[in-house]
Number of protein chains: 2
Amino acid sequence: MTPDDLNTDAASALDPAPSSTGHRNCPVRDVLDRLGDKWSTLILVTLSQSPQRFNALARAVPDISRRMLTETLRHLERDGLIWREVTPSTPPSVRYGLTPLGASLMSPLTELIAWAERHQPEIVAARARFNGRMANS
Amino acid sequence: MTPDDLNTDAASALDPAPSSTGHRNCPVRDVLDRLGDKWSTLILVTLSQSPQRFNALARAVPDISRRMLTETLRHLERDGLIWREVTPSTPPSVRYGLTPLGASLMSPLTELIAWAERHQPEIVAARARFNGRMANS
DNA sequence: CGGAATCCCCAATGATACTG
DNA sequence: CAGTATCATTGGGGATTCCG
């Protein structure tokens, strides 16, 4: 892979661009942006345990507002990573869960998370060194 | 791994929190946030090719402002993912490159990128279906 | 219960200009 | 060349309210 791959302009025809942060439709940056949008990863990991209802998700993901929960779920659903199942009872019930596509993302994602956990001490140490160097300069 | 792992409050003692977006010092979210900060991944991938000088990076990463390039490089350096080598000539020269730690991140990162490229067609298709469902509803 | 709509603020980012 | 400093902008996202 070359760095250029991260800047391809692979247009996706229709598409009001879910996160129109200005960059063009690069598939890679598209996915990476999503993972960085603060909530998606959290939700995906939570759903990887088992399907959840809306309010269960709200409780499972601390501090997320319903607004952002709704929005993030829509994005993930739109991208085919999760499914949404409405049971029109009273009160209504809505369940969310990972699609096969979403489940397939968990593999590289958990590896990345594992990396983060494995190397956290090194990162903390590096920060301490960096702060030390900045202090006496 | 459980979802709770994403919300641990593993404090890192000192640390003015590079991205104080409000969430506590969770190592995992910390790393994921960094990858999502729009430029870090781009820079890491570029540097994984070979060490680069400041302006070479600026050219290699389209549309990044010098301000954001500097800031992102500082963050990456601070976290021990890249090194910074100053040659105090006139004009000065500064090279950046991946540390072993940064290089070790490339492995899970490229897997994630490979996933994105591999499954892009499915995502595009899912978006088309989603847009279609929204249209006639 | 599970949203949608609205208001609003501040933090992230860009633009610009200056410096060792 | 490789930054730093300052100002202006904007849109992400929290809080709140309303709806089926």
Side-chain angles (χ1 to χ4, degrees), chain A residues 16-23 29 33-43 46-47 51-78 82-97 134 137, chain B residues 16-24 29-30 32-43 46-47 51-78 82-97 133-134 137:
Chain A
S19 71
S20 58
T21 27
H23 66 73
R29 296 185 63 172
D33 280 2
R34 185 65 32 90
L35 296 184
D37 78 354
K38 188 179 181 182
W39 300 119
S40 294
T41 306
L42 239 27
I43 291 176
T46 302
L47 289 180
Q52 303 275 335
R53 293 181 47 177
F54 185 87
N55 277 341
L57 277 171
R59 281 186 297 273
V61 182
D63 300 331
I64 193 172
S65 64
R66 284 184 302 176
R67 187 170 121 69
M68 290 317 296
L69 181 54
T70 300
E71 187 174 313
T72 307
L73 287 170
R74 283 288 177 282
H75 283 329
L76 294 173
E77 184 195 1
R78 171 191 157 92
I82 67 175
W83 46 257
R84 178 172 182 269
E85 177 204 65
V86 181
T87 304
S89 53
T90 52
S93 164
V94 182
R95 287 174 70 239
Y96 295 89
M134 294 303 101
S137 69
Chain B
S19 72
S20 59
T21 27
H23 66 72
R24 287 62 134 256
R29 297 185 62 170
D30 205 8
L32 262 359
D33 280 1
R34 184 64 32 91
L35 297 184
D37 77 355
K38 187 179 183 183
W39 301 118
S40 294
T41 306
L42 239 28
I43 292 177
T46 302
L47 289 180
Q52 304 277 333
R53 294 179 48 176
F54 186 87
N55 277 342
L57 277 170
R59 281 187 296 273
V61 181
D63 300 332
I64 192 171
S65 63
R66 283 183 302 178
R67 189 172 119 69
M68 290 316 297
L69 180 54
T70 300
E71 189 173 311
T72 308
L73 287 170
R74 284 286 179 284
H75 284 191
L76 294 173
E77 183 196 1
R78 174 193 154 92
I82 67 175
W83 47 258
R84 178 172 183 269
E85 177 204 65
V86 181
T87 304
S89 54
T90 52
S93 165
V94 183
R95 286 173 72 238
Y96 295 89
R133 283 201 303 276
M134 294 303 101
S137 70

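Quick note on labels: first sequence line is chain A, next is B, and so on, each numbered from 1.
The B/R74 side chain lies nearest to D/dG3 when the options are D/dC1, D/dG3, C/dG2. Considering only side-chain atoms of A/P91, the nucleotide from D/dG3, C/dC1, C/dT13 that sits closest is C/dC1. Considering only the side chain of B/K38, C/dT13 comes nearest among C/dT13, D/dG3, D/dC18. When each of C/dC18, C/dG14, D/dC1 is scored by its nearest atom to the side-chain atoms of B/N55, the top-ranked nucleotide is D/dC1. Here the side chain of B/S65 is nearest to one of D/dA2, C/dG14, C/dG2, namely C/dG14. Closest to the A/R67 side chain, of the nucleotides C/dA5, D/dA2, C/dC1, is C/dA5. With distances taken from any side-chain atom of B/W39 to the nucleotides C/dG14, D/dT17, D/dA2, the minimum falls on C/dG14.
Of all heavy-atom pairs spanning A/W83 and A/R95, the tightest one is CZ3-O, 3.5 Å. Shortest non-hydrogen contact noted between B/Q52 and B/L57 is CB-CG, 3.7 Å. Heavy atoms only, all atoms of each residue included: A/I64 and A/A58 are closest at CG2-O, 4.2 Å.
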Practice task
Applying side-chain contact (heavy atoms from CB on, under 4.5 Å), run through B/F54 and B/R66 and close with a yes or a no.
Solution key: CA-CA 9 Å; B/F54 186 87; B/R66 283 183 302 178; 4.1 Å; yes
Exercise for the section: Give the C-alpha distance, both sets of side-chain angles, the deciding distance and a yes or no for side-chain contact (heavy atoms from CB on, under 4.5 Å) between A/E77 and B/R133. Expected result: CA-CA 12 Å; A/E77 184 195 1; B/R133 283 201 303 276; 4.0 Å; yes
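Following rounding to the nearest Å, B/D33 (CG) and C/dA11 (P) show an atom-to-atom distance of 16 Å. In this structure, B/E71 places its CD atom 19 Å from P of D/dA2, rounding to the nearest Å. Protein atom CG of B/L73 is 16 Å distant from nucleotide atom C1' of C/dT13, rounded to whole Å. Between the P atom of C/dT13 and the CG atom of B/L69 lies a distance of 13 Å, rounded to the nearest Å. Put simply, CE on A/M68 is 9 Å from C1' on D/dG14, counting in whole angstrom units. If you measure from atom CZ of A/F54 to atom C1' of C/dG2, you get 6 Å, rounded to the nearest angstrom.
Using a 4.0 Å heavy-atom distance criterion, B/R53 is classed as a sugar-phosphate-only contact. Within the 4.0 angstrom heavy-atom criterion, only backbone atoms of the sugar-phosphate kind lie near B/R84; the bases stay farther away.
Position along DNA chain D of the nearest nucleotide to A/P92 versus A/I64 favours A/I64 as the more 5'-ward residue.
In this structure, CZ in B/R29 is found 9.0 Å from OG1 in A/T41, a value given to the nearest 0.5 Å. From B/L32, atom CG reaches atom NZ of A/K38 across 13.5 Å, with rounding to the nearest 0.5 Å.
Between B/Y96 and D/dC1 there is no side-chain polar atom (N or O) within less than 4.0 angstrom of OP1 or OP2.
Axis angle, first five pairs versus last five pairs of the helix from C/dC1-D/dG20 to C/dG20-D/dC1: 50°, rounded to 10°.
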